[in-house]
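Numbering of residues begins at 1 and proceeds along the displayed sequence. None of these values were measured; they are calculated from a predicted model. Side-chain atoms are counted along with the backbone in the values below, which use heavy atoms only and exclude waters and symmetry mates.
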Amino acid sequence: MNNLTNKNRKMKKIFSILTIICLSVFAVSCNNEAEELEQQKGYLKLDFETLVSTNTRAVTPLPSGYNARTLHVTITDSQGNVVYESQDAANDNYFKSNILLSPDTYTITANSAGWDGSDSGFNAPYYTGSTKATIKKNTLTQATITLTQANVKVSVKFDSNFNTYFTNVNCYITSGNEEVTMRRFTPSSTISSVYFPVESLNFVLSVKNRAGQSFTMEREITDVKARDHFIINYKIAEAGSIGGITVYVDDATQSYTFDVEVPRQSSTSLNTKTANAFTSFAYLSGAVTAKTSEFSDEYLTLQWKKSTDANWTSVPASSLTKGEQDSYSYKLSNLTPETEYVYRMNYNDGNTNVNSNETTFTTEAVATIYNAGFENWYADGKISICGNAADGKYWNSSNAGAANYIGSVTTQDTSFKHGGNSSAKLATAWAVVKLAAASLFTGDFIGLIGTKGAKLDWGVPFTSRPSALKGYYCYTPGSINRGSQPSGVGAPAKNSNDECQIFCALVTEVFHVANAEASGYQMTTEIDWANDPRVVAYGQMTRNTSTNGAWQEFNIPLVYHSMTKKPTHMIIVCSASKWGDYFYGSDTSVLNLDDFSFEYGEPTAQ
């Protein structure tokens, strides 16, 4: 398998799946007012060419009748409004004539319709692509969408003489995402290829020879990219051979052929898997994939070291946790963050000395929160932004609309702080027509939805996995006096104490959210934090009592929905009025925040 990591991954060729979209803009003669109006616009013409085959979030199962060549096409203007959407563009009359559009820059996206490619499936490639096109008056504009395969193709082949030596043969393929459907192949399978989403892949071959001996061989592929085609050839090895693996790479087609030698008789063979490394500890796992009748696990050890060290440290089998099918696991603690380690399994009974493959892993960084003491602020129009303008936006507020009338409701407070020179002050207020619930979040403010609400992007890049969010807060809740009590969500009655909230989520993408209906944005009140597959970990704190002008420490444990999935972004959202998305709360509630930080310890699993 180490040969795989040495392959040249340079991609000099783009696999063009479909060339579509010729954008034609031309002038229309003006004979009346309608013609004058049309002259101010342009025309979009979409031409669909032949689809060419290639060589190569909750998981959505492959639907019956799925056809990768049926295209879902969306045209969106520069404001994010969907101009037109089709579930079968090739058969949609809308695209068979010129489409009148106002001058603007449009985003045109296309993908295989009816499925998102998130599960595995036989004969199920998934294609996607997008482009931008600027429509100008009296100007011909042309654009091309190149759709490329977004998932991975796997083919499994067996030597024709497999059944001569084995009475039972099964190849099981699983994804690094445990929610993806496992697929099975046998020498008699009529379909030899399957498509998987881009995750690590694990191949387990289980056989029983004609002597009645059962054993397994396991291989893992971690360097997986879209459009890869992995071809697994299972071949009969010489009698007594442990079985090797040879990798052949064809960069032109992104295909990688693995010739795997399967022994006719059982012998001792070991395997280690990808480590699940946190900042100071790592979950390691391995297995005895084949063994003789004389095998005894008292001679089995797990060995590890820093990659730069010469000597191995051994962990005896008695300290390992034994699972099903001769699998073993171990939590390796007291590691150094951002450090590369290597581990392996070893079996040595004095006569046989066998090592598994060596697996390297790097511990995560102890990532921090930018401007976590809320020391630096700058003005962006009428809004106060937490941070330095030169650093880009990390913290933001959803109250830009209210600032036009009453100024910023989230501000720097230099008169009251826990540490440093200032804290963040969130003071909910009445903004002429609606309640402005003071907020502070990681991400970006995208724009207003008229007077109805705002569009936000929640999340900043973040790949570490802390165990808790901690910090200090001071809260003075007012009596709820604004808005109508929303039903069915647990909001307190009018004249009750307002509630503040702080929550943190580790997620796999930016959350495009809004507190009013907006195309392409999810309502903040509709996010299911406990079950959304994009959420890696989540924790929150709600309070409705006064801290009497004193700072209180908080510690919010992050509950992990998956212990193996890694985040790409981190969300922190703070509000002086929890029910502000419904414009319900008190216009006198004040929440001060200071000295945020992450703890890195043993994570809490859901």
Side-chain angles (χ1 to χ4, degrees), residues 57-59 80 116 118 150 176-177 179 197-199 226 276-279 337-338 362-372 374 385-388 391-398 439-447 454-471 501-515 518 520-541 556-575 581 593 596-600 603-606:
R57 339 141 220 121
V59 168
D116 60 3
S118 60
N177 181 350
E179 297 178 7
V198 179
E199 298 277 357
N276 183 14
F278 287 71
T279 54
E338 297 184 271
T362 301
T363 47
E364 296 174 349
V366 179
T368 58
I369 303 169
Y370 168 77
N371 200 26
F374 309 111
I385 301 295
C386 181
N388 290 311
D391 296 335
K393 291 182 178 177
Y394 186 99
W395 293 101
N396 219 309
S397 170
S398 61
S439 69
L440 184 67
F441 68 90
T442 55
D444 199 6
F445 178 88
I446 302 303
K455 296 182 290 188
L456 314 172
D457 276 356
W458 278 353
V460 291
F462 193 88
T463 56
S464 294
R465 289 177 289 176
S467 57
L469 171 68
K470 62 180 293 187
Q501 185 181 50
I502 302 170
F503 71 79
C504 178
L506 305 179
V507 296
T508 57
E509 62 181 53
V510 171
F511 277 32
H512 307 293
V513 299
N515 58 353
Y521 289 81
Q522 183 179 12
M523 292 285 285
T524 56
T525 55
E526 296 176 355
I527 299 174
D528 183 357
W529 294 105
N531 299 297
D532 193 310
R534 299 171 297 172
V535 178
V536 177
Y538 176 78
Q540 70 89 28
M541 178 193 81
I556 302 173
L558 298 179
V559 178
Y560 279 77
H561 302 178
S562 169
M563 293 291 286
T564 57
K565 189 182 294 185
K566 292 194 175 186
T568 60
H569 291 79
M570 177 271 291
I571 298 171
I572 296 175
V573 177
C574 312
S575 177
D581 284 337
L593 304 168
F596 279 22
S597 64
F598 279 128
E599 288 188 340
Y600 288 87
T604 301
Q606 191 176 44

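Among all heavy-atom pairs drawn from Glu526 and Gln522, the shortest one is O-NE2, 3.8 Å. Across all non-hydrogen atoms, the minimal contact from Ile502 to Ile556 is O-CD1, 3.7 Å. Contact between Ala226 and Ala150 at its shortest, heavy atoms only, is CB-O, 3.8 Å. Shortest non-hydrogen contact noted between Ser464 and Ala365 is OG-O, 2.6 Å.
For the atom pair Thr442 OG1 and Trp395 CH2, the distance stands at 6.0 Å (nearest 0.5 Å). Summarising the geometry, atom NE2 belonging to His561 is positioned 10.0 Å from atom CG belonging to Leu506; distances are rounded to the nearest 0.5 Å. Interatomic distance, CZ of Arg534 versus CZ of Phe511, reported as 3.5 Å (0.5 Å rounding). The distance from the OG1 atom of Thr604 to the CG atom of Leu558 is 8.0 Å, given to the nearest 0.5 Å. Atom NE2 in His512 sits 11.5 Å away from atom NZ in Lys455 (nearest 0.5 Å). The OG atom of Ser118 sits 10.5 Å away from the CD atom of Glu199 when rounded to the nearest 0.5 Å.
Asp457 has its side chain within reach of Tyr521: a pair of non-hydrogen atoms, C-beta onward, lies under 4.5 Å apart. Side chains of Trp458 and Val507 form no contact here, defined as non-hydrogen atoms less than 4.5 Å apart. The shortest distance between side-chain heavy atoms of Pro466 and Glu599 does not fall below 4.5 Å. Looking only at side-chain heavy atoms (C-beta outward), His569 and Pro461 come within less than 4.5 Å of each other.
Without hydrogens or angle criteria, Thr363 side chain to Phe278 main chain gives no donor-acceptor distance under 3.5 Å. In this structure a side-chain-to-backbone donor-acceptor pair under 3.5 Å is present from Lys565 to Pro533. Formation of a donor-acceptor pair under 3.5 Å by the Asn276 side chain with backbone atoms of Met563 is found in this model. The backbone N or O of Tyr600 lies less than 3.5 Å from no partner atom in the side chain of Thr279, so there is not a single donor-acceptor pair. Looking at Glu364, its side chain does come within 3.5 Å of a backbone N or O of Arg465 through a donor-acceptor pair.
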Using side chain to side chain contact (heavy atoms under 4.5 Å, CB included), reason through Phe441 and Asn396 one step at a time and then give a plain yes or no.
CA-CA 5 Å; Phe441 68 90; Asn396 219 309; 3.7 Å; yes
Apply the test side chain to side chain contact (heavy atoms under 4.5 Å, CB included) to residues Asn371 and Phe596: give CA-CA distance (whole Å), side-chain angles for both, the deciding distance (0.1 Å), then the verdict.
CA-CA 9 Å; Asn371 200 26; Phe596 279 22; over 6 Å; no
Can you check side chain to side chain contact (heavy atoms under 4.5 Å, CB included) on Leu456 and Phe445, steps first, answer last?
CA-CA 5 Å; Leu456 314 172; Phe445 178 88; 3.6 Å; yes
Yes or no on side chain to side chain contact (heavy atoms under 4.5 Å, CB included) for Ile369 and Leu469, after CA distance, side-chain angles and deciding distance?
CA-CA 10 Å; Ile369 303 169; Leu469 171 68; 3.7 Å; yes
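Side chains of Thr524 and Asp581: a donor on one and an acceptor on the other come within 3.5 Å. A side-chain N or O of Tyr370 and one of Asp391 form a donor-acceptor pair less than 3.5 Å apart.
Note: Phe462 and Phe598 meet the aromatic proximity criterion, with ring centroids under 6.0 Å apart.
Using a 30° and 60° split on the angle between ring planes, Tyr538 and Trp529 fall in the parallel class, below 30°.
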